Amino acid sequence: MVTGFLGCLGAIKENKCLLLSFFIILLIILLAELILLILFFVYMDRVNENAKQDLKDGLLLYNTENNVGLKNAWNIIQAEMHCCGVTDYTDWYPVLGENTVPDRCCMENSQDCGHNSTSLVWKTGCYEKVKMWFDDNKHVLGTIGMCILIIQILGMAFSMTLFQQIHRTGKKYDA
């Protein structure tokens, strides 16, 4: 928001300092995004393992007080994605007890269907389902990323074009 404000105010007031600040901030943001993207792909295996472990740690908070949002999130994901647990349904055993999974893991959802039931639950873990969803939708995610990249580059180009135009005309900032 601050960055957009710098760009708008710099363009309206034709202030070279604000336009240059806008350009530099956009450049820093662009470089940070590229560095994070490269690091993500370089350390993909570590990211996968850490994500799995964090999700399994989150399972332990499923039935604790003040974590209704976490419980609802797991229930929605498992119902919508037709999955159970992080890697499979056995991830729930340390949390809910042996042969017990949340009711949303059941293929036929009903009250207490997850107690002592291992045959009628989704066998696939949610982590794999989410990875498959990202793989299936990577073209959409890539398109969104490219649009953001183009907008950032256009913002940088327009700010430098206006900066150079103001510099050529010799216009100074009037308070």
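Fair warning: this is a prediction, and the values are worked out from it, not measured in the lab. We number each residue from 1, following the sequence as shown.
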Inspect the surroundings of [atom1] in [X] and state if more than 12 heavy atoms from other residues, nucleotides or ligands are less than 6.0 Å away.
X      : atom1 : answer
Glu33  : CD    : yes
Glu98  : CD    : yes
Met146 : CE    : no
Phe158 : CZ    : no

Path from [X] to [Y] over hydrophobic side-chain contacts below 4.5 Å:
X      : Y      : result
Ile24  : Ile29  : yes
Ile148 : Ile151 : no
Val101 : Leu70  : yes

- Query: Just by distance, do the side chain of Asn15 and the backbone of Leu18 share a donor-acceptor pair under 3.5 Å?
  - Reply: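 Yes, because the side chain of Asn15 sits within donor-acceptor range (under 3.5 Å) of the backbone of Leu18.
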Cys113 backbone acceptor or donor facing Asp103 side chain under 3.5 Å
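Such a contact is found between Asp103 side chain and Cys113 backbone.
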Could you go through Trp74 and Val86, starting from their C-alpha distance and side-chain angles, then the distance that decides it, and tell me whether this counts as side-chain contact (heavy atoms from CB on, under 4.5 Å)? CA-CA 10 Å; Trp74 270 110; Val86 179; 3.8 Å; yes
Students often mix this up, so state it plainly: with edges at 30° and 60°, are the rings of His167 and Phe163 parallel, tilted or perpendicular?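 Parallel.
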Taking it one step at a time, do Lys131 and Asn48 satisfy side-chain contact (heavy atoms from CB on, under 4.5 Å)? CA-CA 10 Å; Lys131 276 182 63 173; Asn48 280 332; 3.9 Å; yes
Kindly indicate whether the side chain of [X], heavy atoms from C-beta on, has any atom under 4.5 Å from the side chain of [Y].
X      : Y      : answer
Phe23  : Leu162 : no
Tyr43  : Asn50  : no
Tyr127 : Thr87  : no
Asn67  : Thr64  : yes
Tyr89  : Cys105 : no
Arg104 : Glu80  : no
Pro102 : Asn75  : yes
Met132 : Thr124 : no

Using 0.5 Å steps for rounding, measure from the [atom1] atom of [X] to the [atom2] atom of [Y].
X      : Y      : atom1 : atom2 : result
Leu154 : Leu149 : CG    : CG    : 9.5 Å
Gln152 : Cys147 : CD    : SG    : 12.0 Å
Leu120 : Met107 : CG    : CE    : 7.0 Å
Leu59  : Lys71  : CG    : NZ    : 13.0 Å
Leu141 : Phe134 : CG    : CZ    : 6.0 Å
Leu19  : Leu6   : CG    : CG    : 9.5 Å

The criterion is side chain to side chain donor-acceptor pair (under 3.5 Å); which residues satisfy it with Trp92, sequence neighbours excluded?
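If we apply the side chain to side chain donor-acceptor pair (under 3.5 Å) test to Trp92, skipping adjacent residues, the hits are Gln78.
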| request: Might you work through the side-chain contact (heavy atoms from CB on, under 4.5 Å) test for Leu30 and Met156, ending with a clear yes or no? | output: CA-CA 10 Å; Leu30 181 68; Met156 292 168 60; 4.2 Å; yes
Practice problem: For disulfide (SG to SG under 2.5 Å), just list the numbers for Cys84 and Cys126, CA-CA rounded to whole Å, side-chain angles, deciding distance to a tenth of an Å, and then say yes or no. | Solution: CA-CA 6 Å; Cys84 189; Cys126 293; over 6 Å; no
| query | Between Asp88 and Lys123, is a side-chain contact (heavy atoms from CB on, under 4.5 Å) present by the stated rule, with each step listed? | reply | CA-CA 6 Å; Asp88 62 7; Lys123 304 290 187 217; over 6 Å; no
